[in-house]
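Note sheet for the following structure.
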Amino acid sequence: MKRIAIILLLLLISSYVGYCQLIESAGPNSSGLAGLNANNVDVWSINYNVGQLQNLERSSIAVSFHQPFLLSDFTTANMVLAICSKKGTFGLNYSNYGNEYFQINSTGFGYAMKLGENITSGVKLNYHHINSGEFYNSKSILSTDIGFAANLTNELHVGFSLMNPTFSKIDDYANERIPTVLQFAAGYHFSSELSLQAGVKKDMIYPLSFITAILYSPNEKVNIRGGVGTNPSLASLGINVHLNQIQLIFATQIHQILGWSPDFGIAYQFN
């Protein structure tokens with residue numbers, strides 16, 4: 001009975017926010033910006049715009065935990081790693097989502113490099129394993145992601161990401177596929193303390209989302225971020241605390257119907 005209830009709840013939530021948005025575990029920095037992440041430069045870029053990895057200054061490793069709508073059965077654990085080198089930046093991610101009745105494990109390997117003075121790009125290969133027990137058995141799927149980033153001026157930066165451009169299929173039944181999602185974001189830095197972000201996000205089977213966000217750094221130790229988005233309507237808030245090489249991040253999104261989705265992460269930058 002519990003297993004059936006969980007599957008029904010999964011389907012109910014999916015009808016509100018979409019399959020992709022439910023399992024998305026891009027990282028707490030993305031959560032704090034209402035999912036506007038194509039223009040982010042951090043170790044979690046491997047999850048949403050692999051092209052931004054090349055803009056990292058130092059190799060980093062991080063872990064995060066995301067609990068959609070305060071439901072423990074849907075908790076996602078996420079690990080990311082970025083290694084900077086003279087020939088580009090390499091990234092690795094692993095995530096585990098779900099419970100004993102329904103699990104999704106994803107592993108990805110990406111590489112980013114410069115295309116020019118102010119342009120970077122990257123590509124990523126993903127391996128997804130879906131285990132839903134006796135209901136749908138197990139599935140393994142490969143997919144790819146691509147990403148680009150450009151500094152148009154010292155103040156204006158843009159990013160573009162495309163997940164699963166090959167429309168990788170999960171199953172022939174109902175033509176189930178890994179979500180194909182594209183996002184474009186632009187950010188204007190008014191100063192080193194304040195920047196404004198805006199962008200659009202489109203899942204191929206859901207309406208276009210418009211997202212705006214703001215980042216404010218009152219000092220070198222603290223960053224505050226927040227955002228709002230449409231389709232679904234949500235708001236977000238996040239705070240980053242820098243402790244030398246360690247960064248603590250807490251963020252949450254608030255869905256108009258389903259409530260809170262906290263996201264916590266810790267990142268470490270190597271010397």
Side-chain angles (χ1 to χ4, degrees), residues 1-28 30-31 35 37 43-44 46-48 50 61-81 91-110 123-146 161-181 203-206 232 253 255 258-266:
M1 179 62 68
K2 180 181 178 182
R3 183 179 304 182
I4 296 174
I6 290 173
I7 295 297
L8 291 176
L9 182 59
L10 176 65
L11 294 174
L12 174 63
I13 293 176
S14 298
S15 69
Y16 280 120
V17 297
Y19 179 76
C20 173
Q21 291 164 324
L22 174 64
I23 67 171
E24 188 176 80
S25 58
S30 172
S31 294
N37 50 41
V43 64
W44 280 282
I46 184 66
N47 286 339
Y48 37 75
V50 61
I61 188 170
V63 294
S64 65
F65 299 91
H66 178 230
Q67 191 174 78
F69 323 119
L70 297 176
L71 297 174
S72 59
D73 284 315
F74 300 143
T75 298
T76 298
N78 196 355
M79 187 280 292
V80 290
L81 172 68
L92 178 70
N93 80 288
Y94 170 79
S95 66
N96 174 274
Y97 159 85
N99 57 25
E100 59 183 306
Y101 304 117
F102 180 84
Q103 285 194 4
I104 301 176
N105 295 282
S106 296
T107 304
F109 177 78
V123 63
K124 179 187 172 191
L125 177 66
N126 303 290
Y127 171 80
H128 311 277
H129 181 73
I130 302 174
N131 184 1
S132 52
E134 62 188 56
F135 283 90
Y136 297 104
N137 298 316
S138 298
K139 297 286 182 180
S140 296
I141 311 102
L142 293 176
S143 69
T144 58
D145 302 334
I146 58 175
S161 63
L162 177 58
M163 298 182 178
N164 190 32
T166 56
F167 302 97
S168 297
K169 183 179 292 188
I170 298 174
D171 195 88
D172 290 330
Y173 177 77
N175 198 30
E176 293 179 285
R177 296 179 183 272
I178 296 291
T180 296
V181 184
D203 186 310
M204 291 305 167
I205 62 173
Y206 292 102
Q253 293 185 354
H255 188 275
L258 299 172
W260 297 78
S261 296
D263 203 340
F264 172 78
I266 181 170

When rounded to the nearest 0.5 angstrom, what distance separates [atom1] in [X] from [atom2] in [Y]?
| X | Y | atom1 | atom2 | value |
| --- | --- | --- | --- | --- |
| T107 | H129 | OG1 | NE2 | 10.5 Å |
| L71 | W260 | CG | CH2 | 15.0 Å |
| M163 | M204 | CE | CE | 12.5 Å |
| I205 | T180 | CD1 | OG1 | 9.0 Å |
| K169 | E176 | NZ | CD | 10.5 Å |
| I130 | I178 | CD1 | CD1 | 5.0 Å |

**OP:** Assess the side chains of Y94 and N105: does a donor N or O sit below 3.5 Å from an acceptor N or O?
**Re:**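 Per modelled atom types, Y94 and N105 side chains form a pair under 3.5 Å.
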Heavy-atom closest pair, residues [X] and [Y]:
| X | Y | value |
| --- | --- | --- |
| Q253 | G35 | NE2-N, 3.6 Å |
| L142 | Y127 | CD2-CD1, 3.8 Å |
| N131 | S138 | OD1-OG, 3.3 Å |
| V50 | D145 | CG1-O, 4.4 Å |
| D263 | S64 | OD1-CB, 4.1 Å |
| A26 | N47 | O-ND2, 3.0 Å |

Original post:
Any side-chain heavy atom of V63 within less than 4.5 Å of one from I266?
Top reply: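 With C-beta onward as the side chain, the pair touches.
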**OP:** Taking side chain to side chain contact (heavy atoms under 4.5 Å, CB included) as the test, write out the residues that go with L125, two or more places apart.
**Re:** T144
Subject >> Donor-acceptor under 3.5 Å (N93 side chain, G108 main chain) >> reply: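 Yes, N93 side chain to G108 backbone: donor-acceptor pair under 3.5 Å.
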**OP:** State which residue, out of H66, Q67, H255, fulfils the side chain to side chain contact (heavy atoms under 4.5 Å, CB included) condition with S261.
**Re:**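 In the set H66, Q67, H255, the residue that makes a side chain to side chain contact (heavy atoms under 4.5 Å, CB included) with S261 is H66.
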**OP:** Report the C-alpha distance between Y48 and S30 in whole Å, list the side-chain angles of each, state the deciding distance to 0.1 Å, and finish with yes or no for side chain to side chain contact (heavy atoms under 4.5 Å, CB included).
**Re:** CA-CA 9 Å; Y48 37 75; S30 172; 3.9 Å; yes
Original post:
Yes or no on side chain to side chain contact (heavy atoms under 4.5 Å, CB included) for W44 and N78, after CA distance, side-chain angles and deciding distance?
Top reply: CA-CA 9 Å; W44 280 282; N78 196 355; 4.3 Å; yes
Original post:
Pick from R177, H128, K124: which one makes a side chain to side chain donor-acceptor pair (under 3.5 Å) with S143?
Top reply: H128
